[in-house]
4 protein chains.
Amino acid sequence: MNGFKRRTELKKDKIRTAALELFCTYGTDKTSINEIAQKAGVAPASIYNYFGSKEGLMKDTFINLLESGWKAKKELWETDLPFPELMKRAVSMKDDFIDQINLELLTDPEIKKLIDDFYERRYPYIVSQFIEKGRREGYIRRELSIEAAMLYLNMYQNAVQHPEMLKNRNKNLLKELYDLMLYGLAGQPIADKTE
Amino acid sequence: MNGFKRRTELKKDKIRTAALELFCTYGTDKTSINEIAQKAGVAPASIYNYFGSKEGLMKDTFINLLESGWKAKKELWETDLPFPELMKRAVSMKDDFIDQINLELLTDPEIKKLIDDFYERRYPYIVSQFIEKGRREGYIRRELSIEAAMLYLNMYQNAVQHPEMLKNRNKNLLKELYDLMLYGLAGQPIADKTE
Amino acid sequence: MNGFKRRTELKKDKIRTAALELFCTYGTDKTSINEIAQKAGVAPASIYNYFGSKEGLMKDTFINLLESGWKAKKELWETDLPFPELMKRAVSMKDDFIDQINLELLTDPEIKKLIDDFYERRYPYIVSQFIEKGRREGYIRRELSIEAAMLYLNMYQNAVQHPEMLKNRNKNLLKELYDLMLYGLAGQPIADKTE
Amino acid sequence: MNGFKRRTELKKDKIRTAALELFCTYGTDKTSINEIAQKAGVAPASIYNYFGSKEGLMKDTFINLLESGWKAKKELWETDLPFPELMKRAVSMKDDFIDQINLELLTDPEIKKLIDDFYERRYPYIVSQFIEKGRREGYIRRELSIEAAMLYLNMYQNAVQHPEMLKNRNKNLLKELYDLMLYGLAGQPIADKTE
DNA sequence: AATGAATGAGGGTTCATTCAT
DNA sequence: GATGAATGAACCCTCATTCAT
């Protein structure tokens, strides 16, 4: 890559960074192209030169987010942590993955395909590995389907990352939630092994 | 109530209905007063006559939603269903209650007070009754806190009502989720008693 | 006048009173028909029944003001006060007469005629009497024209009633102004005879 | 300054000119951004690009007016004209200075400060010089306060510039007014030295 | 290639006025 | 005749996008 393209790539990244931060802080709707341009130190028109439209920039941002989130997740799964600890970390992992960016983009076929790929192939694969580990270590009963486990994980993730939850971050409450995750309303909480 | 006021009330309701639907579909930001007016078959200015401002309409919509949701919920809790059935219904009950409408309204003191009242008094009361019933019937272990139970319920509710879930409404998946609710990842699913 | 018409006249007056007060406080532009109606305790449509339009109401208000102002002024001139005192009172007399109501009405021929009548006939008549009195008592030099005297009086009236003047109502400043009125920049102030 | 900025500055000035004229003719309230834009030959949105808001444009217009008026006034005072001529010119000098633009802007702290500076420092300074000159040349009696002189000048300025006065611009009337300025109602007019 | 300027389309809101009862 | 409801036109303003340099 020559110095010309490198400088271009640098500017694109500055735009991406600015956009991501503003999008996550104020939402895509409340973030104007002008604000992004100003924060990135470029002219508004440049954003159009690079990304075509606001939706184009959102798409780019979203895909980047998805991929980097995927990478982090994959790294986590590939560690050798004991199952309960892995579970806790997976659940509490910041996941701008999917929630931060509004779903109205889903009309875009490229995005739709990516998300489908993600949900149909990549995510199930990783979750099935998670479940397999859980089974091997005796924490997950055999008959649980992957779909149910995926939903269950997402559910916990949403709950744990809910603003109210984050605000009153309460150790006991979190511990109870993790117990519920393993044993449900009826089951017996086990003695804590990791904390 | 004379015919005059009745017709007024009717129009107000048409506006409310249109607003609710559009707010829930597109979000409050992406819904313009013009759209609402058109869908309700009134002039935009009429909405201002009735509700003062867009925020006023949002407030009205939100409060209505909250109260009618509360009423339905209360009725449900007061039935005599066995605990697992009650749990399923509570969780699958449509609850635009709080999630559908954006939280930036929370600046309004009236709304804030209502929500606080709801979360500090009404909701805990009902959940504590729910838990008590679960304990009596042997489905909930004694040491579970009300806070954790509230969170857990909300979590399931959000999951069950998640668009994707609703789209692929899958009997088995739901059943698995309910099992997870009672017994977690590790526990033993019991033979289904209600289905 | 029967009871019917009397009640009608009463309502009209309530509207007039409300309108005058609001017009003078906020200006005619910033006063809405709805506000007037509410303050007067009638329906907005009633104002249209009585006065035809907002401009109609403004016209009515303006004429009333003009006439009542005229009456007060006339009464003052007909007293027997010594000239300097008369002058002070004339100048400091609250004169919503002409300034309070915006001049864009002047397009209306009826108003225009009234104002012309006022400025061409009634006001010169009264001022000429004032000047005559001033001359008789030795306070006004003989060669001063009526037009100039009219302007001069208005000028002082505006100055004395200027908000800033009213705010810092300063006895000495006022006294100086009255001296200037009689003797100008160059002349000798006389010993105060009235205060 | 390159051609780019020059053209921008030109457009800004076109907007300023259009705004000033319309503001003075119809008042700031009755002048819409659309009208200004049309008269200036730009898009309404451009006005917002340049001045931020209607209030911003008003502020700019007002400050420009104030400063340019000040400059003209200062130049006048610094000439060597004899006192009566100076006085005439000062009074008849077009002074949109302060009266033309509505006072509701005074909420803006920047404007408020400017006006205060003007009325507390700049204007008194110039008037005191005027008075000093008048005294030296024997036209102003020694005991007259600066406050009174300021008021007196303003008063004449308003009168001379009053629309009706301008309409019927009458040489004799004006001359009488200037005599009144120097000698009041009672004093002796001097033989005219300048005309 | 990069930019600052320019804008059209649309948003929320107000209000004098008319309409239906 | 009196009213509350209803509205069209206009206002200020924002912003994604295009244009001229």
Would a distance-only check, ignoring hydrogens and angles, find a side-chain to backbone donor-acceptor pair under 3.5 Å from [X] to [Y]?
{"X": "B:K54", "Y": "B:T28", "value": "yes"}
{"X": "B:E35", "Y": "B:S32", "value": "yes"}
{"X": "D:K12", "Y": "D:R7", "value": "no"}

Round to the nearest Å and state the distance from [X] atom [atom1] to [N] atom [atom2].
{"X": "B:I36", "N": "E:dT13", "atom1": "CD1", "atom2": "P", "value": "11 Å"}
{"X": "D:K30", "N": "E:dA16", "atom1": "NZ", "atom2": "C1'", "value": "11 Å"}
{"X": "A:I33", "N": "E:dT3", "atom1": "CD1", "atom2": "P", "value": "14 Å"}
{"X": "B:L10", "N": "F:dG4", "atom1": "CG", "atom2": "P", "value": "20 Å"}
{"X": "A:F23", "N": "F:dA16", "atom1": "CZ", "atom2": "P", "value": "9 Å"}
{"X": "D:L57", "N": "F:dC11", "atom1": "CG", "atom2": "C1'", "value": "15 Å"}
{"X": "C:Y26", "N": "E:dT14", "atom1": "OH", "atom2": "C1'", "value": "17 Å"}
{"X": "A:E55", "N": "F:dT17", "atom1": "CD", "atom2": "C1'", "value": "14 Å"}

N/O to N/O distances under 3.5 Å, protein versus nucleotides 19-21 of chain F:
none

Selection: residues 46-54 of chain C, any non-hydrogen atom under 4.0 Å of DNA chain E:
C:Y48, C:S53, C:K54
Between A:D13 and A:R16, is there a salt bridge with N-O shorter than 4.0 Å?
yes
In plain terms, say whether D:D29 and C:K30 are close enough for a salt bridge, that is, a side-chain N and a carboxylate O under 4.0 Å apart.
yes
Would you indicate what B:K12 reaches in the nucleic acid, counting non-hydrogen atoms under 4.0 angstrom: base, sugar-phosphate, or nothing?
nothing
Would you mind reporting whether C:T8 and C:Y50 have side-chain heavy atoms less than 4.5 Å apart?
yes
Do C:N64 and C:S68 have side chains that approach each other closer than 4.5 Å (heavy atoms only, starting at C-beta)?
no
Sorted by chain and residue number, the side-chain contact (heavy atoms from CB on, under 4.5 Å) partners of B:T17 (sequence neighbours excluded) come out as none
By side-chain contact (heavy atoms from CB on, under 4.5 Å), which residues pair with D:D117, not counting sequence neighbours?
D:R121, D:R122
Enumerate donor-acceptor pairs with a distance under 3.5 Å from any side-chain N or O in residues 37-48 of chain B to protein atoms, sequence neighbours excluded.
| residue | atom | partner | partner atom | Å |
| --- | --- | --- | --- | --- |
| B:K39 | NZ | B:E21 | OE2 | 3.3 |

Which distance, rounded to the nearest 0.5 Å, do you find between the CG of C:D60 and the CG of C:L20?
10.5 Å
At under 4.0 Å, does any side-chain N or O of A:K11 touch on OP1 or OP2 of E:dT3?
yes
Hey, which sits more toward the 5' end of DNA chain F by its nearest nucleotide, D:N34 or B:P44?
B:P44
Involving DNA chain E, stems made of at least three consecutive Watson-Crick or G-U pairs, both distances under 3.5 Å
E:2-21 with F:2-21
Considering only heavy side-chain atoms of D:T8, the closest of E:dT3, F:dG8, E:dA5 is E:dA5
For A:L22 and A:T31, the nearest pair of non-hydrogen atoms, with its separation, is O-OG1, 3.2 Å
